[in-house]
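Worksheet: one structure, shown below.
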Amino acid sequence: VLLAAYVGYLGLGAAVLQALERPAEVQAAQHLLREHWELLANHTCLQGPALQRLIEGIIQAYKSGITLQGNTTSLGRWDFSGSFFFSISTITTIGYGNLSPSTATGRIFCIVFALFGIPLNLVLLNEIGQLMLLGVQHCARHLEVVCHWQNKASFLMKTCALVTGLLLFLLLPPLLFSDKEGWSYEEGFYYSFITLSTIGFGDYVIGMNPDRTYPSWYKNVISLWILFGMAWLALVIKFCINILE
């Protein structure tokens with residue numbers, strides 16, 4: 001029964017996503033094809049295979065973090081802050097997919113780094129989660145002693161912890177992303193949940209817009225937000241698991 005419910009839930013998700021996203025995909029494909037033929041028609045010196053190679057080269061360069069800016073190119077995804085953020089996304093298993101090692105030695109190092117880093121990250125997240133839980137329990141016991149609330153104190157503190165976590169990790173960060181990235185609030189909220197849940201689609205990633213200047217503290221603060229936000233969301237997911245079981 002559990003397996004049937006699992007497969008049925010996946011089927012429902014697939015059907016809804018197909019209904020929502022397929023028309024936009026078809027429209028985008030038709031638009032791209034139309035732009036392709038208009039470019040070849042307006043610039044007769046261009047040939048189809050050469051244009052295809054140029055497009056593929058641009059796509060590959062963009063995946064590597066290189067973009068054209070006039071007569072120059074912009075770099076910066078593999079500076080220290082960018083590499084540090086990549087390390088965070090690796091051991092937290094977010095894996096945005098917008099950036100990956102291109103050298104053989106870099107890929108081998110990434111495997112070894114993740115092999116030891118993922119368990120280290122899980123241990124740290126577990127400790128942070130336990131400290132959060134102990135803090136909530138301590139506040140609940142203190143509230144019971146002060147206000148003589150036997151049953152209400154625990155419920156009240158858990159509710160406060162949930163609301164505080166929602167504010168700190170899901171509701172307020174989109175305002176920062178709107179300011180620094182130029183995203184809408186909905187896009188920032190979407191990025192926050194996709195990141196903290198370690199889904200990491202990679203369609204939205206902070207600090208990757210070559211047209212924007214980011215402060216030096218930005219990625220470091222976001223890294224801390226990811227670490228503590230994942231620990232908080234893990235507790236919420238664990239609570240949901242207990243309800244389902």
Side-chain angles (χ1 to χ4, degrees), residues 2 5-6 9 13 84-96 114 117-181 183-207 214-215 217-245:
L2 182 61
Y6 181 79
Y9 191 75
F84 185 83
F85 192 73
F86 174 79
S87 300
I88 285 282
S89 67
T90 298
I91 66 173
T92 55
T93 69
I94 295 173
Y96 289 113
I118 292 173
L120 177 63
N121 177 71
L122 291 175
V123 170
L124 179 61
L125 288 182
N126 183 61
E127 289 297 321
I128 293 175
Q130 290 301 319
L131 286 175
M132 289 180 176
L133 199 58
L134 286 174
V136 171
Q137 292 173 349
H138 176 75
C139 291
R141 286 195 297 268
H142 183 71
L143 199 61
E144 286 179 2
V145 173
V146 174
C147 302
H148 304 289
W149 292 345
Q150 295 299 321
N151 298 322
K152 294 181 180 179
S154 179
F155 175 78
L156 181 62
M157 290 310 305
K158 288 179 180 178
T159 303
C160 289
L162 179 63
V163 172
T164 303
L166 281 172
L167 286 172
L168 289 177
F169 302 121
L170 289 178
L171 298 180
L172 293 180
L175 299 177
L176 176 63
F177 300 141
S178 297
D179 178 57
K180 300 301 180 185
E181 304 290 342
W183 299 340
S184 66
Y185 185 86
E186 176 270 329
E187 290 172 328
F189 183 83
Y190 167 80
Y191 167 77
S192 298
F193 181 80
I194 293 300
T195 295
L196 297 185
S197 60
T198 72
I199 296 172
F201 288 126
D203 48 352
Y204 289 91
V205 184
I206 60 103
Y214 300 99
W217 52 264
Y218 183 52
K219 286 187 177 181
N220 296 328
V221 170
I222 297 303
S223 298
L224 289 175
W225 166 75
I226 289 175
L227 190 62
F228 286 92
M230 283 180 61
W232 171 81
L233 191 59
L235 292 177
V236 175
I237 293 174
K238 185 178 180 181
F239 176 73
C240 295
I241 290 172
N242 293 334
I243 293 176
L244 286 174
E245 288 181 339

Answer whether the closest heavy-atom distance between the side chains of L227 and L124 falls below 4.5 Å.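 Side-chain contact under 4.5 Å: yes.
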Partner of W225 under side-chain contact (heavy atoms from CB on, under 4.5 Å), chosen from T195, N220, I206: T195
Tell me, please, which residues at least two apart from [X] pass side chain to side chain contact (heavy atoms under 4.5 Å, CB included).
X: K180; answer: L176, P215, W217, Y218
X: D203; answer: Y190, F201
X: V205; answer: F85, Y96, N98, M208
X: L122; answer: I118

Nearest-0.5 Å distance, [atom1] of residue [X] to [atom2] of residue [Y]:
X: E181; Y: Y191; atom1: CD; atom2: OH; answer: 8.0 Å
X: N121; Y: S87; atom1: CG; atom2: OG; answer: 12.0 Å
X: C139; Y: K158; atom1: SG; atom2: NZ; answer: 13.5 Å
X: I128; Y: M230; atom1: CD1; atom2: CE; answer: 9.5 Å
X: L172; Y: L167; atom1: CG; atom2: CG; answer: 5.0 Å
X: I94; Y: I226; atom1: CD1; atom2: CD1; answer: 4.5 Å

Side chain to side chain donor-acceptor pair (under 3.5 Å) involving [X] - partner list, sequence neighbours excluded:
X: S184; answer: E187
X: Y185; answer: none
X: E127; answer: none

What are the two closest heavy atoms between [X] and [Y], and how far apart are they?
X: F84; Y: S223; value: CE2-OG, 3.8 Å
X: S197; Y: I194; value: OG-O, 3.4 Å
X: G188; Y: F177; value: O-CD1, 3.9 Å

Set out, in order, the CA-CA distance, both residues' side-chain angles and the distance that settles side-chain contact (heavy atoms from CB on, under 4.5 Å) for L196 and L170, then state yes or no. CA-CA 9 Å; L196 297 185; L170 289 178; 4.2 Å; yes
Show which side-chain atoms of residues 231-244 pair as donor or acceptor with protein atoms under 3.5 Å away, not counting sequence neighbours.
from : atom 1 : to   : atom 2 : distance (Å)
N242 : ND2    : K238 : O      : 3.3

Any donor-acceptor N/O pair, S89 side chain to G95 backbone, under 3.5 Å: no
